[in-house]
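Start at 1 with the first residue, then count along the sequence. Quick caveat, the model's predicted, so the values are computed rather than measured. Hydrogens, waters and symmetry mates are skipped; everything else that's a heavy atom, side chains included, is used. Counting starts at 1 for both ligands and their atoms, following the listed order.
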Amino acid sequence: MSSPQTITNTLLQWCTDNDVWIDPRLRIRCDTTTGIAVYAENASIPPNTSLVHIHRSSVLSVRNSSLSDVIEPVISGPAAQLSLSLALYAELLKGENSRWFGYLQSLPLAPVPLPLLWSSEFSNHDDLEDGNEGLHWLKGTEVERHYVQRPDQNLESIDAYYSTVAEPLLIRHFEANDTTWTTKPSINGFRHAYTLVSSRAFLVDAYHGLSMVPIADAFNHSQENHVHLETEFHVCPECGSLLECQHDADASENEKAMPRRLQGKVAHPREESDFDSYYEMVSNAPISPHEEVFNTYGETLTNTQLLAQYGFVLDVNENDCLHWDFQEVYTCCAAFAGVSISSRLEVESVRSAAIQSVARQRALERIADSSLVYLHADMSDSSLCVDADGRISHQLWILLALPFCLQGDRVGLVDSPGDITAHLEALLESQLALENTGEMNSDEDNDYQLSPSDGPILEGLARSLINLCAARKSRLGKDPSDSRNLNDILDALPSGMRRTRDALTIVIGEQSMLDSCISSWEDIVQQLSE
Ligand SMILES: C[S@@+](CC[C@H](N)C(=O)[O-])C[C@H]1O[C@@H](n2cnc3c(N)ncnc32)[C@H](O)[C@@H]1O
């Protein structure tokens, strides 16, 4: 295995030879355990500095790859991930004969530990044990819920693509071109390539689509990032041209008169010829001397998404969120309220009307004064969630309240669901009155009124939510009945058990969101009983 210094030197020489320019104020560092990272040299770098220029012909996309004639280009989504994995795998198999060799030799030699692979890791017995232990811990978490069983990206669909599409095509291509491979193609090699694509590829433009972008992919992720990738997405999907081209038959005369890159966009200060040919990493915050320079892989990414796609988690992630579906929430309310609960159909139809009406009328604005509920940016009725501060989304709040509002249909909501918004606004006022009388917002002026008829509804809502969170907690992690402190278990784990550590970090985060939600609503129940 080459030394970190040799790997870095080979990568940097490849960059020079392939029109990838790196600002001399940056240093690429390679470490055998932590991999590649980018640091500032002994200089401050201001925002809006273009720090890395990557020629469009140097990215490893399906279009640029050796297999460009035989792989159908797909721009984005799961199908693009598979196509790019195949293009990348073909280049990896070519070894030193690949035009990307200097770049490829710097990528991780082992598969990135995505949970998708934890139960079948092939490289090392300890990793397999670690992965299986990690999967036990992921039970009941958002990762298990959304990713481990995801039908479009599970291991079976990746393996099926390999055996039906990738392997036959690789064999044909290598035989036809009389090319030798460094190792024989294998399912494990393809899975490795898939994890590299999942954890490093960028969607660059409408022609190259999902691509491996040398050096842009050397930056680690942080929510407080310094740099981002800038590309002009709207190029011709047929030939990649930024300017008017022969494929523009459908464009209007006005559009044709203008270079494509200026249509609806602000001109870039760089020279036109340069600008057309490069993707750039640009700073968006000041960078201090010697500090690590971070990108963000997505400003709203949760730990669940980071683990599933990139194979790591942050110790604390303020984007974290827990989701439920309609049936789970309704069943919980029904279990709490017993036989007198309104029917599922009634609740479902009034709920839709309520959520649409909140979005249309911009109602429930006073939610901003609540420390228990927040107005979810996505107004769809599927956003039934608790956020990292233990607050519930307005959609979950409405769904929890409705079965109790409808009990005995005391306000005629089923017949005239239009009244529901006004009713919910009144309920919110009552809740804010309670929140303000408690310690939650004690220093704020209390101009809210608790209506006596809202008391039972709020109590029903609170108790259902507490039940919902407690039920989720009781299914969370390896052994929910184990009363040991999870932080102590995490502290005792060897640092090499990376998968188990990440899974446990997810469980600790989810448990703390549920605890904080339960404890604030217990305060509401307590106040109602006083
Ligand atoms: C685009 S690469 C970044 C360069 C990477 N360090 C390398 O060695 O090639 C993404 C991978 O870097 C690692 N990574 C990035 N940001 C991280 C972070 N904040 N904490 C831990 N690992 C991180 C993860 O393994 C991730 O899959």
Side-chain angles (χ1 to χ4, degrees), residues 1-5 7-8 10-12 14-15 20 22 26-39 52 54 59-60 81 84-85 88 92 100 102-118 121 123 127 130-131 134 143 147 191-204 210-229 279 281 291-299 301-320 495-499 501-506 509:
M1 201 169 63
S2 307
S3 72
Q5 196 52 53
I7 292 173
T8 315
T10 310
L11 173 65
L12 294 179
W14 181 88
C15 289
V20 176
I22 306 166
L26 294 183
R27 180 141 56 105
I28 311 293
R29 263 202 226 161
C30 185
D31 179 287
T32 11
T33 44
T34 55
I36 291 191
V38 184
Y39 286 82
V52 183
I54 303 120
V59 301
L60 202 177
Q81 261 183 293
L84 182 60
S85 304
L88 168 64
L92 287 166
W100 284 278
Y103 160 59
L104 298 176
Q105 58 86 44
S106 74
L107 302 183
L109 293 174
V112 182
L114 308 182
L116 191 73
L117 289 183
W118 285 3
E121 277 193 273
S123 45
D127 289 350
D130 179 28
V143 182
Y147 290 99
R191 288 175 179 179
H192 176 204
Y194 182 89
T195 68
L196 294 174
V197 168
S198 173
S199 60
R200 322 178 75 91
F202 292 82
L203 183 56
V204 292
L210 198 67
S211 305
M212 305 293 283
V213 187
I215 303 301
D217 66 1
F219 295 84
N220 284 321
H221 165 88
S222 165
Q223 281 166 340
E224 269 122 53
N225 62 310
H226 308 97
V227 293
H228 61 276
L229 183 68
Y279 305 123
M281 288 305 280
E291 79 173 317
E292 179 167 359
V293 184
F294 288 105
N295 185 9
T296 175
Y297 302 165
E299 281 171 6
L301 288 177
T302 61
N303 266 351
T304 294
Q305 292 166 315
L306 284 172
L307 186 63
Q309 196 179 339
Y310 299 93
F312 73 94
V313 295
L314 302 176
D315 289 341
V316 177
N317 190 331
E318 66 207 26
N319 294 325
D320 279 350
S495 61
M497 292 187 71
R498 176 177 170 182
R499 296 154 190 79
R501 294 185 66 85
D502 284 352
L504 205 46
T505 306
I506 296 260

* Among His221, Gln309, Arg200, Glu292, which residue places a heavy atom closest to atom 9 (O) of ligand 1? -> Arg200
* With respect to atom 10 (C) of ligand 1, which of Tyr297, Tyr310, Phe219 exhibits the smallest heavy-atom separation? -> Tyr297
* Heavy atom of the protein closest to atom 12 (O) of ligand 1 (residue, atom name, distance) -> Asn220 OD1, 3.4 Å
* Tell me yes or no: between the side chains of Asp217 and Tyr103, is some donor less than 3.5 Å from an acceptor? => yes
* Structure fact -> ligand 1 to Asp217, heavy atom cutoff 4.0 Å, flagged ligand atoms 1 (C), 2 (S), 3 (C), 4 (C)
* **Aromatic plane relationship, Phe294 with His226 - under 30° parallel, 30 to 60° tilted, over 60° perpendicular** => parallel
* To do: Compute the shortest N/O to N/O distance between Gly35 and ligand 1 and return yes if it is under 3.5 Å, no if not.
  => no
* Going by the order shown, which atoms of ligand 1 are within less than 4.0 Å of some heavy atom of Val112? -> 27 (O)
* Could you check if a side-chain atom of Arg29 sits within less than 4.5 angstrom of a side-chain atom of Glu292, using non-hydrogen atoms only? => no
* **Member of Asp315, Thr505, Asn317 meeting the side chain to side chain donor-acceptor pair (under 3.5 Å) criterion with Asn303** => Asn317
* Contact check, Arg498 vs ligand 1, heavy-atom distance below 4.0 Å -> yes
* atom 20 (N) of ligand 1: which protein heavy atom is closest, and how many Å away? -> Phe312 CD1, 3.4 Å
* For Asn319 and Glu299, what are the C-alpha separation, side-chain angles and deciding distance, and is it a side-chain contact (heavy atoms from CB on, under 4.5 Å)? -> CA-CA 9 Å; Asn319 294 325; Glu299 281 171 6; over 6 Å; no
* Under the 6.0 Å and 45° cation-pi test, does Arg27 pair with Tyr39? -> no
* Asked: Is there a side-chain contact between Gln81 and Tyr194, using heavy atoms and a 4.5 Å cut-off?
  -> yes
* Which is closest to atom 8 (O) of ligand 1 in terms of heavy atoms, Ile36, Asp315, Val213? -> Ile36
* Structure fact -> Atoms of ligand 1 under 4.0 Å from any heavy atom of Ala218, numbered from 1 in the order shown, are 4 (C)
